[in-house]
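Below is one structure, written out as structure tokens, with a few remarks after it.
Only heavy atoms go into these numbers, but all of them, side chains included; no hydrogens, no water, no symmetry mates.
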Amino acid sequence: MQIGIVGLGRMGGNIAVRLTRHGHDVVVYDRDPAAVEKVVARAEAGRAVGASSLTDVVEKLAGPKRIVWSMLPAGEITEETVMSLGGLMQRGDIVIDGGNTYYKDDIRRAKTLAEKGIDYIDVGTSGGVWGLERGYCMMYGGAKEAAEHIDPILSALAPGIGDIPRTPGRDREGVDPRAEQGYLYCGPAGSGHFVKMVHNGIEYGMMQAFAEGFDVMYRKDSPLLPEDERFSLNMADIAEVWRRGSVVSSWLLDLTAQALTKNESLSEFSGEVNDSGEGRWTIEAAIEEAVPVPVMTAALFTRFRSRSGNTFSEKVLSAMRYGFGGHVETKD
């Protein structure tokens, strides 16, 4: 298939390259011409074409059903891009937003584009800077017919079943086989980003638990403790042993182990931890539904506090964020 990719940052560029590796053709555009050149150079020979504008992207796509994937930060730039594409594309075309958009914005945009006969698909995309090789876990929503049409694109981007053991019972009738492949149709417009939003809220809580636990161990040699209760613990070795058969083993722990092995003090990180919006939106949704989410709320508030003073715990958080998403929170 042929698809346009708009936004060639840490994930957009890799998405474009991965698609070319799986036999798809891409027309790529970014406001930075150097980013376009870089992706075209990295892509499979002859499968990537650069574009100079959104208009150029659309013009270089063959009909009758053109597809453009926006991979930009949530907010004004995505709003502007989606609405511009709505003015350039025609009935039957498909606009995909793969960024971390607020799901209520998806619902509104889908209605606006539907008036012109253009389908809108929201794809919550997880995989960070590792997605090029590992693939991307995707949760998507929109009109079912349009979602089925782009299935070859999503299948190429997904990680596949790999070597993860099958969940018992997944072979029964009525179970969506795409979930095992790492991508899932969630429902109408907005549902994909809603599921991804909650995913990120859970991520906040998991990361915070790891960060606090390592902080407790890191401070076990504190002079405030009786001398015979002080332990000088090796954080890198603890992270490593937990990776081997522990019930808390996970990719987040893998990233923590990598960072601690490189520098056990994590001195290259400031510990001032940003939040990208999804944690806040998850808590807002919980309030609307009257669902208690104390762990995710505390994790979000800890990120707020980290910007006015921080501990080793926040440095562990920074290290994990850098590991999976390339988020740079360097020491001043």
Side-chain angles (χ1 to χ4, degrees), residues 3 5-7 9-12 14-15 67-86 94-114 118-128 131 135-151 153-155 157-159 176 178-179 181-206 274-289 291 293 296 299-300 321 324-325 327:
I3 183 172
I5 306 291
V6 177
R10 288 190 298 264
M11 290 180 69
N14 283 346
I15 283 173
I67 308 167
V68 178
W69 181 309
S70 170
M71 200 63 189
L72 296 165
E76 184 177 347
I77 187 170
T78 293
E79 179 76 15
E80 177 186 324
T81 298
V82 170
M83 292 299 104
S84 295
L85 288 170
I94 300 172
V95 174
I96 301 170
D97 178 12
N100 284 324
T101 290
Y102 186 39
Y103 78 99
K104 292 185 179 181
D105 289 335
D106 291 316
I107 296 170
R108 172 179 51 80
R109 291 171 187 161
K111 290 178 180 177
T112 299
L113 294 185
I118 300 171
D119 286 308
Y120 177 90
I121 304 290
D122 56 290
V123 181
T125 312
S126 182
Y136 299 90
C137 174
M138 293 168 292
M139 302 129 270
Y140 56 105
K144 200 160 191 176
E145 184 178 347
E148 292 294 339
H149 182 76
I150 66 168
D151 190 79
I153 296 293
L154 301 176
S155 177
L157 292 174
D176 191 336
R178 291 171 294 192
Q181 302 299 319
Y183 68 114
L184 180 67
Y185 177 70
C186 299
S191 63
H193 275 147
F194 181 81
V195 174
K196 175 57 162 55
M197 177 189 79
V198 177
H199 162 283
N200 283 25
I202 293 170
E203 177 188 290
Y204 277 37
M206 292 174 64
N274 293 321
D275 67 284
S276 53
E278 298 92 329
R280 302 187 190 203
W281 299 336
T282 301
I283 293 166
E284 289 174 3
I287 292 171
E288 292 173 354
E289 301 164 16
V291 175
V293 288
M296 289 188 282
L300 175 65
R321 293 184 83 243
F324 70 72
H327 304 285

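- The heavy-atom pair separating C186 from M139 by the smallest distance is SG-CB, 3.8 Å.
- Every side chain to side chain contact (heavy atoms under 4.5 Å, CB included) that M296 has, sequence neighbours left out, goes to I202, T282, V293.
- With rounding to the nearest 0.5 Å, the separation of CD1 in I96 from OH in Y120 is 10.5 Å.
- Residues passing the salt bridge (Lys or Arg N to Asp or Glu O under 4.0 Å) test with D122: none are found, sequence neighbours excluded.
- Take E79 and apply the salt bridge (Lys or Arg N to Asp or Glu O under 4.0 Å) test, not counting sequence neighbours, and it matches R108, R109.
- Not counting sequence neighbours, the partners of E289 by the side chain to side chain contact (heavy atoms under 4.5 Å, CB included) test are F194, A285, V291.
- D275 meets the side-chain hydrogen bond (donor to acceptor under 3.5 Å, both in side chains) test with R280, R307; sequence neighbours excluded.
- Contact detail for A189 and A110: the closest heavy-atom pair is CB-CB, 3.5 Å.
- Between the side chain of S84 and the backbone N or O of E80 there is at least one donor-acceptor pair closer than 3.5 Å.
- Of the possible polar contacts, one joining the Y185 side chain to the G142 backbone as a donor-acceptor pair under 3.5 Å is found.
- Distance check: E145 CD to I150 CD1 gives 12.5 Å after rounding to the nearest 0.5 Å.
- Shown here are the side chain to side chain contact (heavy atoms under 4.5 Å, CB included) partners of I107, two or more places apart in sequence or in another chain: Y103, K111.
- H149 and I67 get closest at one heavy-atom pair: CD2-CD1, 3.9 Å.
- What you find for M138 and L154 is that their closest heavy atoms are CE-O, 3.1 Å.
- With sequence neighbours left out, the salt bridge (Lys or Arg N to Asp or Glu O under 4.0 Å) criterion links R10 to no other residue.
- With rounding to the nearest 0.5 Å, the separation of CE in M11 from CG in N14 is 8.5 Å.
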**Asked** Passes side chain to side chain contact (heavy atoms under 4.5 Å, CB included), W281 versus N200? Steps please.
**Response** CA-CA 10 Å; W281 299 336; N200 283 25; over 6 Å; no

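- At a threshold of 4.5 Å between non-hydrogen side-chain atoms, the residues Y183 and V123 do not count as touching.
- To the nearest 0.5 Å, atoms CD1 (I283) and CG (L300) are separated by 4.5 Å.
- A donor-acceptor pair under 3.5 Å links the side-chain atoms of S191 to the main chain of P188, judged by distance alone.
- Remark: D119 engages no residue in a side-chain hydrogen bond (donor to acceptor under 3.5 Å, both in side chains) (not counting sequence neighbours).
- The salt bridge (Lys or Arg N to Asp or Glu O under 4.0 Å) test applied to K104 returns E288, not counting sequence neighbours.
- With sequence neighbours excluded, the residues satisfying side chain to side chain contact (heavy atoms under 4.5 Å, CB included) with T81 are V6, L54, S70, L72, I77, L85.
- Residue K196 comes nearest to T125 through the heavy atom pair CE-O, 3.2 Å, listed as atom of the first residue, atom of the second, then distance.
- When all heavy atoms of A179 and L184 are compared, the closest pair comes out as CB-CD1, 4.2 Å.
- Of the residues D97, L157, I121, the one that meets the side-chain contact (heavy atoms from CB on, under 4.5 Å) test with W69 is L157.
- When the shell of 6.0 Å around CD of E148 is examined, it contains more than 12 heavy atoms from other residues, nucleotides or ligands.
- At least one donor-acceptor pair under 3.5 Å links the side chain of H193 to the backbone N or O of G99.
- Listed by chain and number, the residues in a side-chain hydrogen bond (donor to acceptor under 3.5 Å, both in side chains) with S276 are E278 (sequence neighbours excluded).
- Partners of Y140 under the side-chain hydrogen bond (donor to acceptor under 3.5 Å, both in side chains) rule, at least two apart in sequence or in another chain, are R178.
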